[in-house]
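Okay, so here's the structure we're looking at.
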Amino acid sequence: MFFLDAKSYLIMAQNSSEMLMINKLLNKNNINTDLVPAPPEWGTVCAIAVKISDSDLEKSKNLLELAGIHTAAILEDRKLKLQGLIDRKLGLIVSEQFIGILKKIENGDELHKEDIVYLLATDKKREIDTIFATADRIRKETVGDVVEIRGAIEFSNYCRKNCKYCGIGGKNSEVKRYRMTEDEIMDVVLYLKSIGLRTVILQSGEDLYWSSDKIVSIIKRIKETTGMRITLSVGEKTFEEYEEFKKAGAENFLLKIETTNRDIFKEIHPDDDFDERLQCSKWLKELGYINGSGNIIGLPGQTIQDIAGDILFFRDMGINMIGIGPFIPAKGSPYENYPHGDIALTLRTVAVTRIVCKKVYIPSTTALASLSKDAQVWALNAGANTIMLINTPLEYRSSYNIYDNKNMVDLEAAVYAVEKAANRKLPSYLKVPGLDSDAKLKGGFS
Ligand code: SAH
C-alpha cells in the first residue's frame with residue numbers, strides 16, 4: 001500500500017536467491033520493499049522483482065554497491081496508462097461515478113474499495129460492457145494474446161481437513177480414496193512434456209502420507225528428467241517445508257485464501273485459521289515463489305464488499321496468479337445442498353481483478369468450465385489468460401471430486417476455448433500432431 005501513487009523502482013536480480021538476498025539486505029536497513037512480478041522481458045532472468053520507492057533509490061543503490069551485489073537492472077516502475085476509455089458519448093450514458101473510475105484507470109491510478117464495489121455491482125449494461133472491454137484491453141497490454149496452457153495432476157485425494165465446501169474432506173465417506181505413486185505421476189509428466197507443456201501443476205488434498213521428503217523427491221525427479229516448471233498446490237505447510245520444495249526446484253505455489261472475510265473463513269474452515277493461511281501465503285512470497293491465491297464466489301453469506309476486499313488483498317499482497325471460481329456443491333460435503341455461485345458475478349470478478357491487479361496470471365478456471373462449456377471462453381474474454389488441463393489418470397479422475405460434475409478440461413476443450421475467444425492464440429510451445437489449428441497459426445510467442 002505504501003507505493004500507492006508514488007514513483008517507484010524495480011530492482012531486477014540475476015536469479016531468485018540473489019533477489020531474496022537483496023530483499024533481506026534492504027529490509028534490514030529499514031527500506032520498505034515489495035516483491036512483484038518482473039516485467040515480461042525480464043521474466044527469464046528472475047521472475048520476481050524487488051520494488052522500492054523513489055525516496056529509497058539512492059540509499060538502496062549504495063547498500064547494494066557496499067555489499068558487492070550487481071543487479072541485472074534497476075528500472076522505473078511505470079504506471080499502465082490507457083488512452084481513450086472515455087468518449088463524449090459514453091459520458092452521457094454512464095454515471096458520473098463511473099466516469100471518475102475510468103479516469104483513474106486511464107491515469108494508471110489505484111482504485112479504492114468503493115470504486116471496486118461499484119464495478120462489481122453496477123447493473124447498467126453500458127457500464128458492464130465497458131468494464132469487460134477495459135479488462136480485455138488491460139489483459140492484452142500486460143500479458144498479451146497467448147493463453148498459457150498448464151497440465152494438472154491431482155495425485156492424492158486423501159485429506160486431513162474438512163473444508164465445508166470441498167468434496168474430498170477427510171470425513172466424506174462417499175469418496176473412493178487414491179494416491180498415485182511417483183512412477184504414475186512421472187508417466188503423466190512425460191506425456192505433458194511430449195505435448196510441449198512447460199509447467200506441471202501437482203495438486204492434492206492435505207495428505208500427510210505425502211511427506212516433504214516424498215514431495216522433494218518427485219520435484220527433483222521431474223526437474224532432472226524434464227526440466228519442466230513445477231507448480232505445487234498441496235495446502236498449508238511449514239516455512240521450512242516450503243523452503244525445501246523451493247530448493248528442490250518448485251517455482252510456483254497455489255494456495256488460495258478462498259475469502260478474506262474472516263467470519264466466513266472461520267465458518268467454512270473448521271480446521272483452519274485465517275492468520276495461519278495468510279502467514280503461509282506471506283512465506284511463499286518471501287521465499288520467491290510465483291505466488292498463487294484466489295477466492296471462491298458464492299460462499300454462504302459472502303457480499304460484494306467481501307469480494308472487493310479479496311481483490312484488494314490480491315493487489316496488496318502482490319499475488320501473481322489469481323484463481324477465481326464459483327462455488328459448486330459437492331456430494332457428501334456439508335454444503336452439498338447449497339446453490340452454486342453465480343457465473344456472471346464470477347466473470348465480473350475476473351474482469352475487475354484484471355483491471356485492479358493488471359500484470360498477473362488469471363486462469364479460466366475448471367470450476368467455471370464445469371458450470372457451462374462456454375464459461376471458459378467468456379472468462380478468456382473477461383481478462384483470463386491461462387487454462388489448466390486436468391491430466392489425472394482416468395481411473396482416479398472422478399475420485400478427485402472437490403465438487404460435482406467437474407469438467408475434465410482436456411487439450412481439445414482448451415483449444416476450443418482459445419479458438420472461440422476473440423483473437424487469442426495458443427502457445428507456440430504446444431506440440432500436438434494435427435493441432436496446427438487456426439488459433440496457433442495466428443501466431444503465439446516462442
Ligand atoms: N489442498 C489444497 C488444494 C485444494 S483444491 C489447498 O488447500 O490449497 C484447490 C481449490 O479448489 C481450492 O483452493 C478451492 O478454491 C477449490 N475448491 C474446492 N472445493 C470447491 C468447491 N466445492 N467449489 C468451488 N471451488 C472449490
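Atoms within a ligand are numbered from 1 in the order they appear, just like the ligands themselves. This one's a predicted model, so the numbers in the text were calculated from it and none came from an experiment.
Looking only at protein heavy atoms, the nearest one to atom 26 (C) of ligand 1 is Tyr403 CD2, 3.9 Å. Atom 11 (O) of ligand 1 has as its closest protein heavy atom Ile402 CD1, 3.6 Å. For atom 6 (C) of ligand 1, the nearest protein heavy atom (residue, atom name, distance) is Gly235 CA, 3.7 Å. Closest to atom 23 (N) of ligand 1, if we only count protein heavy atoms, is Ile328 N, 3.0 Å.
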- Task: Would you check, one step at a time, whether the test salt bridge (charged side-chain N to carboxylate O under 4.0 Å, His left out) holds for Lys161 with Glu236?
- Result: CA-CA 11 Å; Lys161 294 194 170 163; Glu236 296 178 26; 3.7 Å; yes
- Candidate pair Glu251 and Lys223, rule salt bridge (charged side-chain N to carboxylate O under 4.0 Å, His left out), full reasoning: CA-CA 11 Å; Glu251 290 97 345; Lys223 271 277 157 226; 2.7 Å; yes
- Task: Show your reasoning for whether salt bridge (charged side-chain N to carboxylate O under 4.0 Å, His left out) applies to Asp129 and Lys124.
- Result: CA-CA 9 Å; Asp129 291 347; Lys124 295 197 180 72; over 6 Å; no
- Task: Starting from the C-alpha separation in whole Å, work towards a yes-or-no answer on ring-ring contact (aromatic ring centres under 6.0 Å, His included) for Trp210 and Phe155.
- Result: CA-CA 10 Å; Trp210 270 92; Phe155 64 94; 4.9 Å; yes
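The existence of a salt bridge linking Lys237 and Glu206 is excluded, since no basic side-chain nitrogen approaches an acidic carboxylate oxygen closer than 4.0 Å. Ion pairing between a basic and an acidic side chain is recognised when a charged N comes within 4.0 Å of a carboxylate O; Lys420 and Asp374 show no such pairing. Look at Lys406 and Glu154 and you find a salt bridge, because one of the NZ, NE, NH1 or NH2 atoms lies within 4.0 Å of a carboxylate O, short of that distance. Note on Arg221 versus Asp183: salt bridge recorded, some NZ/NE/NH1/NH2 to OD/OE distance being below 4.0 Å. Residues Asp271 and Arg160 are not paired through a salt bridge, judged by the lack of any N-O separation under 4.0 Å between the basic side chain and the carboxylate.
In terms of N/O distances under 3.5 Å, ligand 1 is not approached by Tyr400. No N or O atom of Val234 sits closer than 3.5 Å to an N or O atom of ligand 1. Looking at ligand 1, you'll find an N or O of Ser204 within less than 3.5 Å of one of its N or O atoms.
Of all heavy-atom pairs spanning Arg177 and Gly170, the tightest one is NH2-O, 3.7 Å.
If you look at Ile296 next to ligand 1, the close heavy atoms, those under 4.0 Å, all belong to the side chain. If you look at Glu258 next to ligand 1, the close heavy atoms, those under 4.0 Å, all belong to the side chain. Of all the heavy atoms of Gln203, the ones lying under 4.0 Å from any atom of ligand 1 belong exclusively to the side chain.
The heavy atom nearest to atom 18 (C) of ligand 1, out of those in Phe327, Tyr165, Tyr335, is found in Tyr165. The closest non-hydrogen atom to atom 8 (O) of ligand 1, taken over Glu206, Arg160, Arg277, comes from Arg277.
Close approach to Lys256 involves these atoms of ligand 1, each under 4.0 Å from a residue heavy atom: 13 (O), 15 (O). The contact set between ligand 1 and Pro326, taken as ligand atoms under 4.0 Å from a residue heavy atom, comprises 23 (N), 24 (C).
The protein does not reach atom 4 (C) of ligand 1 closely, with no heavy atom under 4.0 angstrom from it.
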